[in-house]
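Worksheet for the structure shown next.
If you read the sequence from its start, that first residue is 1, and numbering goes on from there. Start at 1 and go down the list; that is how both ligands and their atoms are numbered.
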Amino acid sequence: MNEKAAWGVLGMGVMGTSLSRNLARKGIRLALYNRFLQGEEEGVAAQRCIAYPELAAAQPFEDLEAFIQALETPRKVLVMVPSGSAIELVLEQLIKFLSPGDILIDGGNSHFEATEKRAQLFENVGISFLGMGVSGGEEGALNGPALMVGGERKAFESLSKVLSQIAADNPQGVSCLGHFGTGGAGHYVKMVHNGIEYAEMQLLAEVYECINSHIQPNWSLLNQWQHTKSQSYLLGITATIVSFQEKKGLLVHQILDKTQHKGTGSWSSISAVAQGSPATMIQAALNARYTAAQKEYRVKMAGELPVQTVSIPLDEAVLKKAYDLARWINHHQGFELLKAAKSTYAWSFALSEAAKTWTAGCIIQSRLMQELTLILDSQESLLETVAFKKIYAENISSLEAVLSWSLKAQLPMPVMSAAAQYLFSIRQANSSGNLIQAQRDYFGGHGLEWKDSREGNHGPWKQRS
Ligand code: 6PG
């Protein structure tokens, strides 16, 4: 009879397989499960054990009860199936076979509110449920992802040794594993990670368009930036992507410009709206994806509304400075969203803890993120820091120049514009909000506040009955 396995991994897709290989390489005895779907998914877990030498000793299953029985108690089951109906179905089946004291970990991109509900449901029957955001894609999952965990602290602690073994270590040797609070905290932090990711990706897409609009585009530029303080994982892969040349030109030019998304960017945007936390860059990036998805309509409109512009050169150093400043504002908005959520959901993690978890293994790892781990230790509002004030003073004119250029070139830069508009608004001591208050009061009698000490809370607009 086989020795019982220490961990079970359920779901042998790309992420489930890679995490299993990572666990096995750390010497964890595994049981692997994948569902049986005739003609589509047959013997998948067994195939993984043959395909990957590190999984040779793992026990493969496609019978859920047998899989659960193969685990030592208290059981630890890492569920790696898509969020939504897929995980819902799996959890419904799993609850029948688990016992009090067991620990379930959802490593998918589930919505944090769903995780909150599931944690409660499982807790009611004595089972711990952890929601764990996993970032870094296939390579990260295999060699060291960033892990953002939420749920009961005690359950987390019983797993933290193994989780820190499989998580990435940052260049200072700090593990990119964080516990962020109860219920859906881990999935919330992962969701905001993805929101920041959306805006970082779109900023790079806008830089790409700027470079592309030149008569002789300098595609080595991004690679040069990668050797400066602008370094990031996303900049690095973008520099690599644009280095793929074909006879016809860049390979990337052969990819259809029709963007997709799996939902976390819209969840971040919705949550930011609910929290009243301006995450304008995440929202602009999300809308840019929606607009990009409307390919047929864009092609039609391009024929109907021709661009009336001339090609104008743009200084590369100016573009870089604008990009660097916009990235700071994106990170500021992301951390402000986390701050608002911490207060709403009574999570007590430090923002620097989130930054630390994002310094390696994940998609938004960067030199800036490393810098932010130290900065956020002493100051939780990035715009108020000495470091930001310096970059603001040095780069604001470049941001203005790039956006003026984009207007003249009639080139869309929604995320960089959102960065500038946020900055212009947040540093404005006297805004136009007074007029909005007056309008609301005029048409709806909603009331207003005066700057001086006059009586009443309505304007003299009309006779009130
Ligand atoms: C990560 C990524 C990942 C995300 C994909 C696709 O951290 O590894 O954020 O979790 O699911 O990048 O996301 P979209 O389909 O929404 O772009």
Side-chain angles (χ1 to χ4, degrees), residues 11 13-19 21-22 78-84 86-87 105-112 114-115 131-150 163 166-168 170 176-178 180 184 186-205 232-238 240-241 255-272 279 281-293 330-331 334 337-338 354-366 369 415:
V14 172
M15 294 298 280
T17 302
S18 298
L19 281 174
R21 294 175 65 197
N22 188 345
L78 173 59
V79 182
M80 295 302 301
V81 300
S83 61
I87 180 130
I105 311 135
D106 172 11
N109 270 332
S110 287
H111 192 280
F112 74 100
T115 304
M132 181 171 80
V134 179
S135 177
E138 183 178 5
E139 202 200 310
L142 181 62
N143 298 318
L147 300 176
M148 292 144 261
V149 186
L163 291 178
I166 63 164
N170 77 11
C176 292
L177 164 71
F180 294 94
H187 277 144
Y188 194 95
V189 171
K190 174 59 170 50
M191 178 190 81
V192 176
H193 165 284
N194 281 29
I196 296 172
E197 171 187 301
Y198 271 51
E200 291 288 290
M201 288 168 73
Q202 181 62 28
L203 274 175
L204 282 163
S232 73
Y233 169 77
L234 281 170
L235 174 61
I237 65 162
T238 308
T240 305
I241 288 167
I255 299 173
L256 189 66
D257 51 329
K258 204 171 176 180
T259 329
Q260 296 176 351
H261 76 116
K262 291 207 185 98
T264 43
S266 68
W267 296 347
S268 294
S269 300
I270 291 166
S271 179
M281 294 177 69
I282 297 175
Q283 287 152 357
L286 177 70
N287 286 323
R289 289 204 189 185
Y290 292 158
T291 317
N330 179 32
H331 286 73
L337 177 53
L338 280 185
K356 184 209 80 184
T357 308
W358 295 339
T359 48
C362 72
I363 306 296
I364 60 171
Q365 60 182 288
S366 66
M369 195 64 81
V415 174

Short list, please: which atoms of ligand 1 are under 4.0 Å from a heavy atom of Ile363?
-> 1 (C), 2 (C), 7 (O), 8 (O)
Quick one: nearest non-hydrogen protein atom to atom 11 (O) of ligand 1, plus distance?
-> Asn109 ND2, 3.1 Å
Between Thr264 and Met191, what is the shortest heavy-atom contact and its length?
-> O-CG, 3.8 Å
Given side chains that start at C-beta, do those of Leu203 and Met281 come closer than 4.5 Å, heavy atoms only?
-> yes
Among all protein non-hydrogen atoms, which one is nearest to atom 16 (O) of ligand 1, and what is the separation to 0.1 Å?
-> Tyr198 OH, 2.5 Å
Check: Asn109 and Asn194 side chains under 4.5 Å, non-hydrogen atoms = yes
For ligand 1, is there an atom lying under 4.0 Å from some heavy atom of Gly137?
-> yes
When every non-hydrogen atom of Leu19 is compared with those of Pro145, the smallest separation belongs to CD2-CG, 4.1 Å
Atom 4 (C) of ligand 1: nearest protein contact (heavy atom, Å) | Asn194 ND2, 3.8 Å
Do the non-hydrogen side-chain atoms of Ser232 and Gln365 ever get within less than 4.5 Å of each other?
-> no
Is it true that Cys362 lies under 4.0 Å from ligand 1, counting heavy atoms only?
-> no
Side chain, backbone, both or neither: which part of Arg289 comes within less than 4.0 Å of ligand 1 when only heavy atoms are counted?
-> side chain
Does some side-chain heavy atom of Arg289 sit less than 4.5 Å from a side-chain heavy atom of Met201?
-> yes
Which residue and heavy atom of the protein sit nearest atom 6 (C) of ligand 1, plus the separation | Lys262 NZ, 4.3 Å
Just go through Glu197, Met201, Gln260, Met191 and tell me whose heavy atom is the nearest to atom 13 (O) of ligand 1.
-> Glu197
His261 heavy atoms within 4.0 Å reach ligand 1 at atoms 15 (O), 16 (O)
For atom 3 (C) of ligand 1, closest protein heavy-atom neighbour = Lys190 NZ, 3.8 Å
Pick out which of Tyr188, Trp267, Phe180 makes a ring pair (Phe, Tyr, Trp, His ring centres under 6.0 Å) with Phe112.
-> Tyr188
Tell me which protein heavy atom sits closest to atom 8 (O) of ligand 1, plus the residue, atom name and distance to 0.1 Å.
-> Gly136 N, 3.0 Å
Identify the protein heavy atom lying closest to atom 7 (O) of ligand 1, giving its residue, its atom name and the separation to 0.1 Å.
-> Ser135 OG, 2.5 Å
Just which atoms of ligand 1 are under 4.0 Å from any heavy atom in His193?
-> 7 (O)
Leu234 side chain reached by Leu204 side chain, heavy atoms, under 4.5 Å = yes
Quick one: does Val189's side chain get under 4.5 Å of Trp358's, heavy atoms only?
-> yes
